[in-house]
Structures are given as structure tokens and as C-alpha cells.
Amino acid sequence: MSTWTPDVEKVKLEQWRAALVAAGGNITHAAKATEISRAYATVLMKRFDLIEFAAQLRARAGAGALVRGGERQGVVTGRPRKR
């Protein structure tokens with residue numbers, strides 16, 4: 001018998017969103033704080049459609065948002081991109 005219920009999924013979503021907010025949108029830091037692997041954190045990001053949410057949090061924190069397509073918004077690095 002499985003222990004999955006929609007309520008369990010809702011709790012996971014709320015916990016993961018709270019961890020992302022506390023980490024300023026940094027997925028690696030949120031994963032470490034919740035003691036899950038970075039790979040599983042990516043699964044949660046996709047399952048709960050939180051990629052843009054995390055990008056907005058990072059932008060607000062001044063970290064530069066990595067958005068879909070891999071382009072950073074407002075971040076200048078010392079190494080030019082290959083085009």
C-alpha cells in the first residue's frame with residue numbers, strides 16, 4: 001500500500017517553496033537545507049513548475065536570474081560566451 005496522497009504532495013510543495021524562499025532561490029542551497037540531493041531538487045522544480053519562481057527569487061536577491069534557454073539576465077561575467 002502506497003503512502004502517497006494529494007495532501008502529501010501539497011506538503012512537499014509548501015516545504016520546497018519555503019526552502020527556496022529561505023535560500024533566495026538558490027536551488028543547491030535549498031536542497032542542502034532540506035537534506036535532499038541536487039538531482040532530486042531538480043525533479044521537484046520540474047514537478048511543481050517552480051523554475052521561474054526560483055529565477056524571480058534569485059533576481060530579487062541580486063544573483064541574476066538564469067531563465068529558460070540558459071541566458072542570464074543582468075549578469076556580466078569575465079568570460080565571453082561562445083556563440
Taken to the nearest 0.5 Å, the spacing of Lys12 NZ from Ile36 CD1 works out to 9.0 Å
Between Ala30 and Ala23, the two heavy atoms sitting closest are N-CB, 3.7 Å
Discussion item. Within 45 degrees of the ring normal and closer than 6.0 Å to the centroid, is that where the cationic atom of Arg17 sits relative to Phe53?
Written reply: yes
Between Arg58 and Asn26 the two heavy atoms that sit nearest each other are CG-N, 4.2 Å
**Asked** Quick one: are Ile27 and Lys32 in side-chain contact, heavy atoms under 4.5 Å?
**Response** no
In this structure, CZ of Phe48 is separated from NZ of Lys10 (nearest 0.5 Å) by 12.5 Å
Would a hydrophobic clustering, with Ile, Leu, Val, Met, Phe, Trp and Tyr connected at side-chain separations under 4.5 Å, put Met45 with Val11? no
Sorted by chain and number, sequence neighbours left out, side chain to side chain donor-acceptor pair (under 3.5 Å) with Thr28 holds for Arg38
To the nearest 0.5 Å, atom NE2 of His29 lies from atom OG1 of Thr34 at 12.5 Å
Note: Trp16 and Ala31 closest approach over all heavy atoms is CH2-N, 3.7 Å
With Arg47 as partner, the option from Leu50, Leu44, Asp49 fulfilling side chain to side chain contact (heavy atoms under 4.5 Å, CB included) is Leu44
Closest non-hydrogen contact found for Leu20 with Ala54 is CD2-CB, 4.3 Å
